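Each residue takes its place number in the sequence, starting with 1. Since the model is a prediction, treat every value here as computed from it, not as a measurement.
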Amino acid sequence: MSIRAARATDADHLTRFINMAADDLPLHFWKRSVGTEGDPWAYGRERAARETGNFSYRNAWLAEADGEVAACLLGYAADPEPTPIDPDTPPIFVPLLQLEALAPGSWYLNVLATYAAHRGKGLASALLAKAEDVARQGGHQTISLIAEDTHQDALRLYRAKGFREIARRPLVKGDWQVDATEWILFVKPL
């Protein structure tokens, strides 16, 4: 297993990992962004291949196993101060923004996902260690993440690695089809 910085050419993997981590919420958003005539996956790949922005490949690392991409970590510095939520923010994103605001200045781990064929090999643990290294190098005192209440394996892993639950918010589903009912904010001091 090895971990490397993502490249723009990894955009296809990144879009799949980003979408996996949030149970199709990104795809839901991408579909709305491109309309019925557009390609939501192409829109996601375009966003992942950008040089800037939170979901840029520049904020991602990939774990490779058996010679292929197997898992992803994507994260970035959270805003140092909570900012008011824009009234035009789609309601589905408001609980996430509320939780993010409870961990200002942390290094925010937005995506941790592993392809099914590579689960159980320690890749997520290795990427969590990488996230902590990146956060420390960036001068952050804490690392934060938000998970869905139905991601039981991930929740066990986060708790085992020293993350502490800080707060929960109910999901706003609208027409997004998902089994989860709550977002959970976890924080770990470094």
Visitor: How close do Pro95 and Pro170 get, heavy atom to heavy atom, and via which atoms?
Guide: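 Answer, listing the atom of Pro95 first, then Pro170: CG-O, 3.4 Å.
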
Visitor: Under a 4.0 Å N-O cut-off, is there an ion pair linking Lys173 with Asp179?
Guide: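 Looking at Asp179 together with Lys173, the answer is no, because their closest N to O distance does not fall below 4.0 Å.
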
Visitor: Hydrophobic clusters here meaning ILVMFWY residues chained together by side-chain heavy-atom distances under 4.5 Å, can you tell me if Tyr108 and Val134 are in one?
Guide: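 Looking at the clustering, Val134 is in a separate group from Tyr108.
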
Visitor: Are any non-hydrogen side-chain atoms of Pro104 and Pro80 less than 4.5 angstrom apart?
Guide: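 Not in contact.
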
Visitor: To the nearest 0.5 angstrom, please state how far the CG atom of Leu99 sits from the CD1 atom of Ile166.
Guide: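 If we round to the nearest 0.5 Å, Leu99:CG and Ile166:CD1 are 10.5 Å apart.
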
Visitor: Is there side-chain contact between Thr15 and Met20, with heavy atoms separated by less than 4.5 Å?
Guide: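 Thr15 does not reach Met20 side chain to side chain.
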
Visitor: Is Leu157 close to Phe163 at the side-chain level, that is, under 4.5 Å between some pair of heavy atoms?
Guide: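 Sidechains of Leu157 and Phe163: no contact.
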
Visitor: Between Ile146 and Leu171, is there shared hydrophobic-cluster membership here, with clusters defined by ILVMFWY side-chain heavy atoms closer than 4.5 Å?
Guide: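 As far as the 4.5 Å side-chain criterion goes, Leu171 and Ile146 are connected within one cluster.
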
Visitor: Atom CZ of residue position Arg119 - does it have more than 12 heavy atoms of other residues, nucleotides or ligands inside 6.0 Å?
Guide: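 Above 12, so yes.
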
Visitor: Give me the atom names and distance for the closest heavy-atom approach of Gly53 to Asn59.
Guide: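 Nearest pair, atom of Gly53 first, then Asn59: O-ND2, 3.1 Å.
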
Visitor: Work out which heavy atom in Ile18 is nearest to a heavy atom in Pro26; give both atom names and the distance.
Guide: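 Nearest heavy atoms, Ile18 then Pro26: O-CG, 3.5 Å.
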
Visitor: Should Phe93 and Ile184 be regarded as members of a common hydrophobic cluster, given that ILVMFWY residues are connected when their side-chain heavy atoms come within less than 4.5 Å of each other, either directly or indirectly?
Guide: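 Cluster IDs for Phe93 and Ile184 differ.
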
Visitor: Looking only at side chains, do His28 and Gln177 share a donor and an acceptor under 3.5 Å apart?
Guide: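 No.
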
Visitor: What are the two closest heavy atoms between His118 and Ala70, and how far apart are they?
Guide: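 The pair with the smallest heavy-atom distance is CG-CB, 3.4 Å.
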
Visitor: Passes side-chain contact (heavy atoms from CB on, under 4.5 Å), Asp175 versus Arg32? Steps please.
Guide: CA-CA 11 Å; Asp175 59 353; Arg32 288 180 175 271; 2.8 Å; yes

Visitor: With the side chain counted from C-beta on, respond yes when Asn110 and Asn54 share a heavy-atom pair under 4.5 Å apart, and no when they do not.
Guide: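 When only atoms from C-beta onward are counted, Asn54 and Asn110 do not touch, as no gap falls below 4.5 Å.
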
Visitor: Would Asp133 and Arg136 pass as an ion pair if we require N to O under 4.0 Å?
Guide: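 Answer for the salt bridge query: yes.
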
Visitor: Measure across Ala103 and Ala78 and return the closest heavy-atom pair with its distance rounded to 0.1 Å.
Guide: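 Heavy atoms only, the tightest pair is O-CB, 3.9 Å.
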
Visitor: Between Asp24 and Lys31, is there a side-chain N and carboxylate O pair less than 4.0 Å apart?
Guide: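 Salt bridge absent between Asp24 and Lys31.
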
Visitor: Within the supplied structure, the quantity of interest is the number of heavy atoms (other residues, nucleotides, ligands) at a distance under 6.0 Å from Glu165 CD; does it exceed 12?
Guide: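 More than 12 heavy atoms, drawn from other residues, nucleotides or ligands, come within 6.0 Å of this atom.
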
Visitor: Just wondering, do Gln98 and Ile85 contact through their side chains at under 4.5 Å, heavy atoms?
Guide: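 A side-chain contact exists here, since the closest heavy-atom pair is under 4.5 Å.
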
Visitor: For residues Val34 and Asp39, determine if any side-chain heavy atom of one lies less than 4.5 Å from a side-chain heavy atom of the other.
Guide: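 No, their side chains stay 4.5 Å or more apart.
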
Visitor: Classify the angle between the aromatic ring planes of Phe186 and Tyr158 as parallel (below 30°), tilted (30 to 60°) or perpendicular (above 60°).
Guide: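 Rings of Phe186 and Tyr158: tilted, as their planes differ by 30° to 60°.
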
Visitor: Give me the atom names and distance for the closest heavy-atom approach of Ala131 to Ile143.
Guide: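 Smallest interatomic distance, heavy atoms only, reads CB-CD1, 3.6 Å.
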
Visitor: Measure the CE-CG distance between Met1 and Leu123 for me, rounded to the nearest 0.5 Å.
Guide: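 It comes to 5.5 Å.
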
Visitor: Output yes when Glu132 and Lys161 qualify as a salt bridge under the 4.0 Å nitrogen-oxygen rule, no when they do not.
Guide: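 Salt bridge flag = no for Lys161 with Glu132.
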
Visitor: Hey, mind stepping through Leu62 and Val69 against side-chain contact (heavy atoms from CB on, under 4.5 Å) and telling me if it holds?
Guide: CA-CA 7 Å; Leu62 298 174; Val69 172; 4.2 Å; yes

Visitor: According to ring-ring contact (aromatic ring centres under 6.0 Å, His included), who are the partners of Phe55, at least two apart in sequence or on a separate chain?
Guide: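 None.
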
Visitor: For the side chain of His140 and the backbone of Ala77, is there at least one donor-acceptor N/O pair under 3.5 Å apart?
Guide: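 Pair absent, no side-chain N/O of His140 close to backbone of Ala77.
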
Visitor: Decide side-chain contact (heavy atoms from CB on, under 4.5 Å) for Thr142 and Trp107; before the verdict, give the C-alpha distance in whole Å, the side-chain angles of both, and the deciding distance to 0.1 Å.
Guide: CA-CA 6 Å; Thr142 58; Trp107 193 83; over 6 Å; no

Visitor: Do Ser106 and Ser144 pair up side chain to side chain, a donor and an acceptor below 3.5 Å, judged on atom types alone?
Guide: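 On atom types as modelled, these side chains qualify, holding a pair under 3.5 Å.
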
Visitor: Looking at Ser125 and Gly122, would you say the former's side chain and the latter's main chain have a donor-acceptor pair under 3.5 Å?
Guide: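 Looks like no, no N/O pair under 3.5 Å.
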
Visitor: Let me check something: do Leu96 and Leu27 share a hydrophobic cluster, defined by ILVMFWY side-chain heavy atoms less than 4.5 Å apart, either directly or through other members?
Guide: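 Same hydrophobic cluster.
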
Visitor: Rounded to the nearest 0.5 Å, how far does CZ of Arg168 lie from CD of Glu182?
Guide: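 These two atoms lie 5.0 Å from each other.
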
Visitor: I need the full list of salt bridge (Lys or Arg N to Asp or Glu O under 4.0 Å) pairs touching residues 80-90, with sequence neighbours left out, sorted by first then second residue.
Guide: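 Residue pairs passing salt bridge (Lys or Arg N to Asp or Glu O under 4.0 Å), neighbours aside: none found.
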
Visitor: State yes or no: do Val187 and Leu73 share one hydrophobic cluster built from I, L, V, M, F, W and Y residues joined by side-chain heavy-atom distances below 4.5 Å, directly or via other members?
Guide: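 Hydrophobic grouping puts Val187 apart from Leu73.
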
Visitor: Do Asp23 and Thr150 touch side chain to side chain, with heavy atoms closer than 4.5 Å?
Guide: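 Yes, at least one pair of side-chain atoms sits under 4.5 Å.
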
Visitor: How far does CD1 of Ile92 sit from CG of Leu25, to the nearest 0.5 angstrom?
Guide: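 It is 5.0 Å, given to the nearest 0.5 Å.
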
Visitor: Output yes when a side-chain donor or acceptor of Asn19 lies under 3.5 Å from a complementary backbone atom of Arg16, and no otherwise.
Guide: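 No, because the side chain of Asn19 does not come within donor-acceptor range (under 3.5 Å) of the backbone of Arg16.
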
Visitor: When rounded to the nearest 0.5 angstrom, what is the spacing between CG in Leu109 and CG in Leu74?
Guide: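 Going from CG on Leu109 over to CG on Leu74, the span is 8.5 Å.
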
Visitor: In this structure, which one of Glu51, His13, Arg50, Arg47 forms a side-chain hydrogen bond (donor to acceptor under 3.5 Å, both in side chains) with Tyr57?
Guide: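 It is Glu51, the one option of Glu51, His13, Arg50, Arg47 that forms the side-chain hydrogen bond (donor to acceptor under 3.5 Å, both in side chains) with Tyr57.
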
Visitor: Please report the interatomic distance CH2(Trp183) to CG(Leu97), rounded to the nearest 0.5 Å.
Guide: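 Reported to 0.5 Å precision, the distance equals 11.0 Å.
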
Visitor: Between Arg4 and Glu64, is there a side-chain N and carboxylate O pair less than 4.0 Å apart?
Guide: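 Answer for the salt bridge query: yes.
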
Visitor: With salt bridge (charged side-chain N to carboxylate O under 4.0 Å, His left out) as the criterion, how do Asp10 and Arg45 come out once you've worked through the C-alpha distance, each side chain's angles and the decisive distance to 0.1 Å?
Guide: CA-CA 9 Å; Asp10 294 314; Arg45 286 189 297 274; over 6 Å; no

